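Model, not experiment: these values are computed from the prediction.
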Amino acid sequence: MEIFDIEEELNKLPKKPGVYIMHDKNEAILYVGKALNLHSRVRQYFRAGHGHNNSPKILKMVSQIAYFEYIVTKSEMEALVLECNLIKEHRPKYNTLMTDDKGYPYIKITVNEPFPRIMMSHRMNRDKALYFGPYTDRKAVHDIIMLVKKLFKIRNCNKELDTEKTDQRPCLYYQINQCTAPCAGLITSEEYKKNIESAISFLNGNTKDIKNSLKESMTRYASEMNFEKAAEMRDLLSSIDSISQKQRVENTNSDDMDIIALARNESDAVIAIFFIRDGILIGRENHHMASDPSDTDSDIVSEFIKQYYIGIPFIPKKILTVTPVDLDQVITDYLSERKGHKVQILVPQKGEKKDLIKLATDNARLVLEQDIERIKRLEKRTTGACQEIADLIGLENVSRMEAFDISNISGYHSVASMVVFENGKPKRNAYRKFRLKTVEGPDDYASMKEVLSRRYTNEQLGTFPDVIMMDGGKGQVHIAEMVMDSLGLDIPVCGMVKDDNHRTRGLYYQDKEVEFQKGSEAINMITALQDETHRFAITYHKQLRSTEQTHSILDDIEGIGPSRRKALLLHFKDVEAIRKATIDELCDVQGMTRKAAEAVYSFFN
């Protein structure tokens, strides 16, 4: 990184809205914020006497700033959205964060297909499908989908079906009368879509007709002494009642509201949020927030509102909070714009709304008490283990680790894997596979040199790690260090060393072995990282071998397609027997013509 003159760069800041990003000397992101005027806002961090600089957390953060960058936006509202997205992506150390960010499931119906399917989806895509939701309870979504499939005999498979080719054998769901077998052509597309229309009506809340129909069927089956079918109708009715059952909140108006309450101790905070829709309490959630003792209740709730409502599809008319929140007008304007009319953020002072706040607060306090030990254990295994590793090798921070491994069998398809752990957890969307381009044969050192060079000259593969972990000892570490030197990068490199029993023993760092304390969380994490790196490389290697082995030498013979290749192998058992066969023997194979047999014989002889 070039020398960054903070004072000079402060003078260059534009007087425009945007987002600022604070970095430390290792280029890690410390803090992300938004500003109506970047010039005024960012300068405040480096000027004594400003109110927000009195916070111990901010003072500590400012002491670590090596440089900052900024992104100019068209408006403060655009800056708000960008700020929240950057916070979610990078999870900066000094931002107050939601530590258990959740997605919300939808029910998806693929109405654009000849024989539509119904399924759970974690996002709403622009794919011409029909979506219901979002829902706050994943189990309820699963139950609803299973019930709708059973009620309306919607297919359970993911086969690509069309109206022309429907000659497959029906599956078990048809046999137990839970599918109409469109795969076998036993129902037309038009008839099937009538079932889909009934399912859509049901999901829109029109349960009366289907319940009346089920009751009539139950009565008829019972009068016919068909008690098994009557019991099936009874169970379906019970399932509908169970899923439709909701807890009503008395004396509230019909507005959509979210109730937000807070419980906290010295180091942890829990937000409880209750969802009220049309006067009915339909669900609740709890979110853990990473906070600092200097944060006020208002700070925590304000950050929650920003991060939570930027990321969900539904915005209520009213948001009731336990404490006044320090929210810019731009945030309520943004929420109102998304909702299509004014969104109010209120602190109830009396009445049933005040009682709801108390109920949510009691829930938050209970969750805090019950979950605090579990959270502590999780932190010890993740971020705590990262800090152990950092202390062990003398680094300030080890939040991102990248580990590499080479896999080959006798030089066959040398491949490499890159596995990423962030804050002690696998970050699977950052994993990468490498197929070697310049190295032939089982040369692990040359292979690793190529892979590291490709990874650290490609900035699109993500931010650089705090430390590189090599699956090996001195030799692999020195190769990695040599590559870092050649690229002008100062990234520490460790080797993950195993003992004679192939168990992780320690780290090779700066030409000496550093041993773990027995039973430490650090050794458990490094073992998991090493195992994951090896597994990922082996899986890729097997995938390549499997892909190549599906090609047979018989595919190179003119006139021999998949059917004849299969028939030949079933008849002769292996290629060597086919090679030795006469033309007459080849003709005995089912589906083989004399011309095809002569082609096979000529190919091998």
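- Taking OG1 of T361 as the start and CG of L368 as the end, the distance is 12.0 Å to the nearest 0.5 Å.
- Residue N458 places its CG atom among more than 12 non-hydrogen atoms of other residues, nucleotides or ligands, all under 6.0 Å distant.
- For M482, the side chain to side chain contact (heavy atoms under 4.5 Å, CB included) test picks out K449, I479, with sequence neighbours left out.
- Residues R535 and E532 meet the side-chain proximity criterion, which asks for heavy atoms closer than 4.5 Å.
- Not a single salt bridge (charged side-chain N to carboxylate O under 4.0 Å, His left out) links D466 to another residue, sequence neighbours left out.
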Test log, rule side-chain contact (heavy atoms from CB on, under 4.5 Å), inputs R47 and L10: CA-CA 11 Å; R47 299 289 182 266; L10 286 173; 4.0 Å; yes
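- Taking each heavy atom of A385 and M525 in turn, the nearest pair found is CB-CE, 3.5 Å.
- With hydrogens and angles ignored, the 3.5 Å screen pairs a side-chain donor or acceptor of E388 with a backbone N or O of A522.
- N524 and R381 share no side-chain donor-acceptor pair at under 3.5 Å.
- You'll find the side chain of M119 reaches within 4.5 Å of the side chain of T110, heavy atoms only.
- Below 30°, between 30° and 60°, or above 60°: for Y431 and F536 the angle between ring planes is above 60°, a perpendicular geometry.
- M470 pairs with exactly one of H478, M496, Q476 by the side-chain contact (heavy atoms from CB on, under 4.5 Å) rule, that one being Q476.
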Derivation of the side-chain contact (heavy atoms from CB on, under 4.5 Å) call for E422 and R91: CA-CA 10 Å; E422 276 197 1; R91 308 193 67 78; over 6 Å; no
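- Not counting sequence neighbours, the partners of E450 by the salt bridge (charged side-chain N to carboxylate O under 4.0 Å, His left out) test are R454.
- By the 4.5 Å heavy-atom criterion applied to side chains, T463 and E27 are not counted as neighbours.
- By the 30° and 60° cut-offs, the orientation of the rings of F68 relative to F46 is tilted.
- Among all heavy-atom pairs drawn from P92 and L30, the shortest one is CB-O, 3.4 Å.
- Heavy atoms from other residues, nucleotides or ligands lying under 6.0 Å from NE2 of H39 number more than 12.
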Please step through side-chain contact (heavy atoms from CB on, under 4.5 Å) for the pair K306 and I87, ending with a clear verdict. CA-CA 11 Å; K306 281 189 351 185; I87 288 172; 5.6 Å; no
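- Atoms OG and CD1, from S121 and I107 in turn, are 11.0 Å apart once rounded to the nearest 0.5 Å.
- Y308 contributes atom OH, which lies 4.0 Å from atom CD1 of I273 (distance to the nearest 0.5 angstrom).
- Remark: L395 CG to I389 CD1 distance equals 10.5 Å, nearest 0.5 Å.
- Shown here for L507 and V497, the closest heavy-atom pair between the two residues is C-CG2, 4.3 Å.
- More than 12 heavy atoms of other residues, nucleotides or ligands sit less than 6.0 Å from atom CD of E69.
- Taking the side chain as every heavy atom from C-beta outward, M61 and K57 never approach each other to under 4.5 Å.
- Here the shortest heavy-atom pairing between R400 and P465 reads O-CB, 3.5 Å.
- The residues E402 and R455 are annotated as salt-bridged, a charged nitrogen and a carboxylate oxygen being separated by less than 4.0 angstrom.
- The shortest distance between side-chain heavy atoms of V477 and D511 does not fall below 4.5 Å.
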Between Y45 and M22, is the side-chain contact (heavy atoms from CB on, under 4.5 Å) condition met? List the steps. CA-CA 10 Å; Y45 287 95; M22 304 297 195; 3.8 Å; yes
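- Side-chain contact between D297 and V322 is absent, with no heavy atoms from C-beta onward closer than 4.5 Å.
- A distance of 8.0 Å separates OH of Y67 from CG of D24, quoted to the nearest 0.5 Å.
- Across I305 and V325, no two heavy atoms sit closer than the pair CD1-CG1, 4.1 Å.
- N11 and E7 share no side-chain donor-acceptor pair at under 3.5 Å.
- One distance of note links CD1 of I300 with CG of D295; it measures 5.5 Å at 0.5 Å rounding.
- A distance-only check finds a donor-acceptor pair linking the side chain of N95 to the backbone of V32 [under 3.5 Å].
- Looking at Q44 and R41, their side chains do bring a donor and an acceptor atom within 3.5 Å of each other.
- In plain terms, the two heavy atoms of I393 and C494 that are nearest each other are CD1-SG, 3.8 Å.
- Counting heavy atoms from C-beta outward, I468 and Y456 have side chains that approach closer than 4.5 Å.
- Two residues are said to be in side-chain contact when any heavy atoms from C-beta on lie closer than 4.5 Å; Y70 and P14 meet this criterion.
- With hydrogens and angles disregarded, no donor-acceptor distance shorter than 3.5 Å links the side chain of T533 to the backbone of V419.
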